[in-house]
Amino acid sequence: MNLSIYNTMSREIEPFVPLNEKNVGMYCCGPTVYNFAHIGNLRTYIFEDVLHRILTYNNYQLTHVMNITDVGHLSDDGDEGEDKMVRRSHESGKSVYEIADLYTKAFFEDTNALNIITPDITCKATEHIEHMINLIKRLEEGGHTYISGGNVYFSIDTFPEYGRLARLNLDQLNSGARIEIDENKKNPKDFVLWFTKSKFDNQAMRWPSPWGIGYPGWHIECSAMSMHYLGESFDIHCGGIDHVSVHHTNEIAQSEAATNKPWVKYWVHGEFLINETGKMSKSKGEFLTIPFLKDKGYDPLDYRYFCLLGHYRSQLVFSWTSLDAARSGRRNLMKLVSALSKENEKSVAEITDQKSLSYLQEFEQHINTDLHIPQALATLWTLLKDENVSDEDKRALCSHMDTIFALDLLKEEKEVKIPEQIYALLEKRAQAKIEKKYQEADEVRAIIEEMGYVIKDTKDGPIITKIV
RNA sequence: GGUGCCGUACCCAAGUGGUAAGGGACAGGUCUGCAAAACCUCUAUGCAUCGGUUCGAAUCCGAUCGGCACCUCCA
């Protein structure tokens with residue numbers, strides 16, 4: 001089975017052919033840790049996790065690298081605007097390093113809760129300043145830079161390929177329409193490699209460099225770190241769709257101008273989670289987080305399931321109604337799986353039944369064709385409802401498919417301890433029912449429900465469960 | 001102003017030339033003192049609108065309307 005994936009560079013679904021046989025390098029743009037990640041941010045990491053799992057599924061030896069941007073970003077490319085990390089630091093009274101640690105930790109708590117596999121290498125920008133400086137030196141030697149107003153700029157006119165990924169039409173771009181043009185730039189699309197001047201006198205993060213004490217521009221960190229860990233050419237670079245036209249475009253310019261060779265083979269971008277008013281954004285202030293969802297009674301995996309229901313290249317519309325639908329759907333899925341007989345454990349390799357094998361093939365075809373996870377999930381549902389497939393085959397297939405979905409399909413539900421008090425009330429209701437005092441029985445049931453438990457009457461007597 | 005994506009049932013959402021996946025919700029049924037739960041069954045002659053190509057169109061082409069994103073830090 002061959003893997004194919006959509007490449008933003010060609011705008012086509014291409015067969016996946018790695019640069020080096022079985023060893024695959026993948027770099028994913030990570031979080032800027034100046035605030036909590038919202039569920040829109042996390043959608044992208046879920047998609048990257050699925051890609052990670054599919055590559056591993058196909059027996060590739062994957063090296064997955066993700067950066068942690070713990071250097072502050074200015075709110076624009078000029079030497080204007082506010083540094084987000086610094087602002088956060090002022091607001092909270094913590095140091096910028098404390099801020100970064102706090103939100104880095106929170107980020108990984110979120111991704112762990114979502115069953116996202118931690119990348120093989122996670123690297124902090126602040127620990128790779130030297131690599132960035134070396135890369136800027138190479139660019140300088142190649143004549144791709146100039147110094148203006150104290151900052152080092154990349155000159156896009158020295159890189160004829162500039163804008164190919166985003167198919168930018170440089171003549172028609174309306175630079176400066178929304179922000180003021182940096183007067184130091186020769187070309188409005190030039191960008192900063194190294195800042196030496198800052199309007200923040202108390203800028204905590206500063207490093208010495210050949211151009212003076214300062215800090216790196218935003219784009220250089222990804223180029224420097226990805227090449228440090230994956231080499232000067234590697235297979236896959238992922239990120240959110242918003243990065244296509246600026247961040248990734250600039251990364252390509254820097255990297256290829258420095259090395260004079262092709263940098264990344266496959267560009268893979270995840271679309272946004274949106275709501276009625278458009279995209280969720282940190283700068284708008286109000287946004288949803290995983291801890292918030294948990295407080296509202298959702299399992300983080302409800303959100304993961306919700307994301308898997310849509311294709312990664314389509315915008316996904318968030319609403320509480322659709323999250324509820326995902327939660328119900330996931331619970332029903334878990335019920336179907338847990339109802340399967342647990343006798344005769346077997347692995348997929350031991351499956352011989354043609355019908356079962358056809359489900360396996362269908363599943364593989366879906367996941368290997370540009371991550372068609374929604375169809376793969378439909379295959380799972382159809383399989384579970386198919387009366388012609390044995391329970392042991394179903395369990396084996398579920399376990400196998402869950403290496404991609406990561407929904408903890410076979411995880412047993414935790415036993416919830418029911419307080420003695422509730423059992424006493426249950427007894428009271430049973431007695432009332434025997435005496436046909438139904439009004440009293442209903443009243444007791446209402447009390448039990450108020451205490452957070454729900455009664456299900458079955459042929460074998462009442463079952464009590466905790467309301468989630 | 002430039003660029004890209006999208007519009008499928010009550011909701012979410014697959015499907016890119018061969019006659020509309022899947023989930024949720026709703027409704028009906030079985031069960032029940034009632035309810036909940038469980039189980040079973042059902043739900044788009046039609047895919048924004050109009051026109052065209054074709055034996056055949058949700059799928060291709062054109063126009064119109066509507067939505068979203070990017071060209072600012074953003075996943």
Side-chain angles (χ1 to χ4, degrees), chain A residues 8 11 28-32 34-35 37-48 69 72-78 80-84 163 166-180 188-189 218 238-247 249 269-284 305-306 308-311 313-319 321-333 335 339 366 372-382 385 433 436-439 441-442 445-446 449 454-459 462-463 465:
Chain A
T8 306
R11 308 285 162 100
C28 300
C29 287
T32 304
Y34 69 96
N35 203 338
H38 61 64
I39 60 173
N41 299 127
L42 291 163
R43 184 188 179 200
T44 300
Y45 300 104
I46 290 171
F47 130 69
E48 289 162 353
T69 299
H73 288 170
L74 298 181
S75 55
D76 69 54
D77 238 356
E80 304 288 330
E82 242 183 323
D83 181 302
K84 290 173 178 176
R167 313 212 163 167
L168 296 182
N169 188 344
L170 292 176
D171 300 334
Q172 310 267 352
L173 273 179
N174 199 12
S175 287
R178 294 163 74 190
I179 56 164
E180 280 189 34
K189 297 299 288 179
W218 177 40
C238 297
I241 187 102
D242 56 319
H243 281 150
V244 173
S245 58
V246 179
H247 182 49
T249 290
H269 294 97
E271 252 293 357
F272 274 137
L273 179 78
I274 60 168
N275 56 29
E276 296 79 14
T277 57
K279 72 170 180 174
M280 246 173 237
S281 117
K282 286 184 185 176
S283 44
K284 279 187 199 165
Y305 183 72
F306 172 78
L308 299 184
L309 252 19
H311 187 72
R313 283 196 288 118
S314 296
Q315 289 177 346
L316 183 61
V317 181
F318 178 85
S319 70
T321 317
S322 40
L323 185 62
D324 283 344
R327 173 166 64 181
S328 301
R330 192 181 74 88
R331 284 179 180 174
N332 289 337
L333 194 58
K335 276 183 213 162
H366 289 322
H372 281 178
I373 304 302
Q375 287 106 307
L377 275 176
T379 300
L380 174 64
W381 277 99
T382 312
K385 291 181 171 183
K433 278 180 72 175
K436 296 202 189 294
K437 292 176 183 168
Y438 293 122
Q439 199 183 331
D442 288 350
R445 180 170 62 200
E449 282 178 7
V454 65
I455 295 171
K456 299 172 190 173
D457 286 328
T458 69
K459 282 172 188 166
I463 292 173
T465 50

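Only this structure's heavy atoms are used, side chains among them; waters, hydrogens and symmetry mates stay out. Just so it is clear: chains get the letters A, B, ... in the order the sequence lines come, proteins before strands, and each one is counted from 1.
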Sort by first number and list every stem of RNA chain B: at least 3 consecutive Watson-Crick or G-U wobble pairs, both distances under 3.5 Å.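 For RNA chain B the paired stretches long enough to count as stems (3 pairs minimum) are B:1-7 with B:65-71, B:10-12 with B:22-24, B:27-30 with B:38-41, B:48-52 with B:60-64.
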Please list, for nucleotides 17-27 of chain B, all pairs of protein and nucleotide N/O atoms separated by less than 3.5 Å.
{"residue": "G23(B)", "atom": "OP1", "partner": "K385(A)", "partner atom": "NZ", "Å": "2.5"}
{"residue": "G24(B)", "atom": "OP1", "partner": "N332(A)", "partner atom": "ND2", "Å": "2.4"}

Which residues pass the side-chain hydrogen bond (donor to acceptor under 3.5 Å, both in side chains) test with H243(A), not counting sequence neighbours?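 Result, side-chain hydrogen bond (donor to acceptor under 3.5 Å, both in side chains) vs H243(A): none returned.
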Please list, chain by chain and in numerical order, all residues satisfying side-chain hydrogen bond (donor to acceptor under 3.5 Å, both in side chains) with S245(A), sequence neighbours excluded.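 For S245(A) there are no side-chain hydrogen bond (donor to acceptor under 3.5 Å, both in side chains) partners, ignoring immediate neighbours.
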For [X], enumerate each residue passing the side chain to side chain contact (heavy atoms under 4.5 Å, CB included) test, keeping only those at least two apart in sequence or located in another chain.
X	result
A326(A)	Y305(A), F306(A), L309(A)
S319(A)	E276(A), T321(A), S322(A)
I455(A)	L426(A), R429(A), R445(A), I448(A), D457(A), P462(A), I464(A)

Does any non-hydrogen side-chain atom of Y45(A) lie less than 4.5 Å from one of P31(A)?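 They are in side-chain contact.
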Look at all strands and tell whether K436(A) reaches a base, only sugar-phosphate, or nothing, counting heavy atoms closer than 4.0 Å.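 If one applies the 4.0 Å heavy-atom cut-off, K436(A) turns out to touch nothing in the nucleic acid.
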Indicate, with a heavy-atom threshold strictly under 4.0 Å, whether G270(A) touches base, sugar-phosphate, or nothing.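 The answer is nothing, as G270(A) stays clear of every strand by at least 4.0 Å.
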Rounded distance in Å - CZ (F306(A)) to P (C11(B)):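 For the pair F306(A) CZ and C11(B) P, the rounded distance is 15 Å.
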Find every protein N or O atom lying less than 3.5 Å from an N or O atom of nucleotides 57-60 of chain B, and list the pairs.
none

Who are the salt bridge (Lys or Arg N to Asp or Glu O under 4.0 Å) partners of R313(A), not counting sequence neighbours?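 Applying salt bridge (Lys or Arg N to Asp or Glu O under 4.0 Å) to R313(A) gives D370(A).
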Who are the salt bridge (Lys or Arg N to Asp or Glu O under 4.0 Å) partners of R43(A), not counting sequence neighbours?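 Listed in chain order: nothing, the list is empty.
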Donor-acceptor pair (no angle test) under 3.5 Å: R445(A) side chain, A36(B) base: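 Result: no qualifying N/O pair found.
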Among C12(B), A35(B), G33(B), the one nearest V317(A) by side-chain distance: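 Closest nucleotide among those given: C12(B).
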